[in-house]
> 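Pasting in a structure now, in structure tokens, and then I'll have a few things to ask.
For this chain, numbers begin at 1 and follow the sequence in order. This is a predicted model, so every value here is computed, not measured.
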Amino acid sequence: MPNWGGGKKCGVCQKTVYFAEEVQCEGSSFHKSCFLCMVCKKNLDSTTVAVHGEEIYCKSCYGKKYGPKGYGYGQGAGTLSTDKGESLGIKHEEGPSHRPATNPNAAKFAQKIGGSERCPRCSQAVYAAEKVIGAGKSWHRSCFRCAKCGKGLESTTLADKDGDIYCKGCYAKNFGPKGFGFGQGAGALVHSE
């Protein structure tokens, strides 16, 4: 077929692409209206296009079709993808069936991993965004306070006793040494009869 228009051919529809409607990608020309993901048909630009041979994809569809497979590879940080890519023509091979583990500490493991840890103060679930660790336990930021005076604590300014946390001052007053010269301030002697 003769090329009467003299312009380049579109990589998708094979029709002539004129300068005003041209988008170039890796040496090929496309109409702006043809520069779409081959799978989801989203409009593409230089920051969202991924090329595989002569085909163009958005980065998401390209990743599903040609990217790594398995747990941990999803749409963003920390996601698990259950999309096996059937809509993209990817054949899924069945592996051996899943067998439950016979872990004797499964309940303890599930409490920390599957569920979430519990705050010792309020007994509610502690999630990563609000977690503060002190005295070997996970606390809500709002619960991470002295058990006596309620002062907010940091992991470096706490003392723990019997599963509770205290500021250094309250710990010294309540659990520190007792007797003459202790607990009432600098240099003070207390005499009780």
> List, by chain and then residue number, the residues other than Ile165 in its hydrophobic cluster (Ile/Leu/Val/Met/Phe/Trp/Tyr, side-chain heavy atoms under 4.5 Å); write none if there are no others.
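Result for Ile165 is Val132, Trp139, Phe144, Leu153, Leu158.
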> List in chain and number order the residues that pass side chain to side chain contact (heavy atoms under 4.5 Å, CB included) with Glu154, two or more places apart in sequence or in another chain; answer none if no residue qualifies.
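Applying side chain to side chain contact (heavy atoms under 4.5 Å, CB included) to Glu154 gives Thr156, Thr157.
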> Closest heavy-atom contact between Cys58 and Ala50?
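What the structure gives for the nearest pair is O-CB, 4.5 Å.
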> Donor-acceptor check, side chain of His31 to backbone of Cys13, threshold 3.5 angstrom: yes or no?
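Not confirmed, His31 side chain does not pair with Cys13 backbone.
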> For residues 33-45, tabulate all N or O donor-acceptor pairs below 3.5 Å that involve a side-chain atom, not counting sequence neighbours.
| from | atom 1 | to | atom 2 | distance (Å) |
| --- | --- | --- | --- | --- |
| Lys41 | NZ | Met38 | O | 3.2 |
| Asp45 | OD1 | Thr47 | N | 2.8 |
| Asp45 | OD1 | Thr47 | OG1 | 2.6 |
| Asp45 | OD1 | Thr48 | N | 3.1 |
| Asp45 | OD1 | Thr48 | OG1 | 3.3 |

> How far apart are the C-alpha atoms of Val49 and Tyr57, what are their side-chain angles, what is the distance that settles it, and do they pass the side chain to side chain contact (heavy atoms under 4.5 Å, CB included) test?
CA-CA 6 Å; Val49 69; Tyr57 300 94; over 6 Å; no
> Excluding sequence neighbours, so at least two apart, what forms side chain to side chain contact (heavy atoms under 4.5 Å, CB included) with Ala147?
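Once residues adjacent in sequence are excluded, the partners of Ala147 under the side chain to side chain contact (heavy atoms under 4.5 Å, CB included) criterion are Arg121, Asp164, Tyr166.
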> Could I get the full list of side chain to side chain contact (heavy atoms under 4.5 Å, CB included) partners for Glu22, not counting sequence neighbours?
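In terms of side chain to side chain contact (heavy atoms under 4.5 Å, CB included), with neighbours along the sequence ignored, Glu22 is linked to Lys8, Val17, Phe19, Gln24, Ser29.
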> Taking the side chain as every heavy atom from C-beta outward, state whether Thr16 and Lys9 have any atom pair closer than 4.5 Å.
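A side-chain contact exists here, since the closest heavy-atom pair is under 4.5 Å.
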> Which distance, rounded to the nearest 0.5 Å, do you find between the SG of Cys119 and the CD of Gln124?
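CD of Gln124 is found 8.5 Å from SG of Cys119.
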> Can you list every salt bridge (charged side-chain N to carboxylate O under 4.0 Å, His left out) pair that touches residues 123-151, not counting sequence neighbours?
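As it turns out, the salt bridge (charged side-chain N to carboxylate O under 4.0 Å, His left out) pairs with a partner in residues 123-151, which skip direct neighbours, are Glu117-Lys131.
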> Please list all pairs passing the salt bridge (charged side-chain N to carboxylate O under 4.0 Å, His left out) test where one or both residues lie in residues 47-61, with sequence neighbours left out.
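Those involving residues 47-61 do not exist here.
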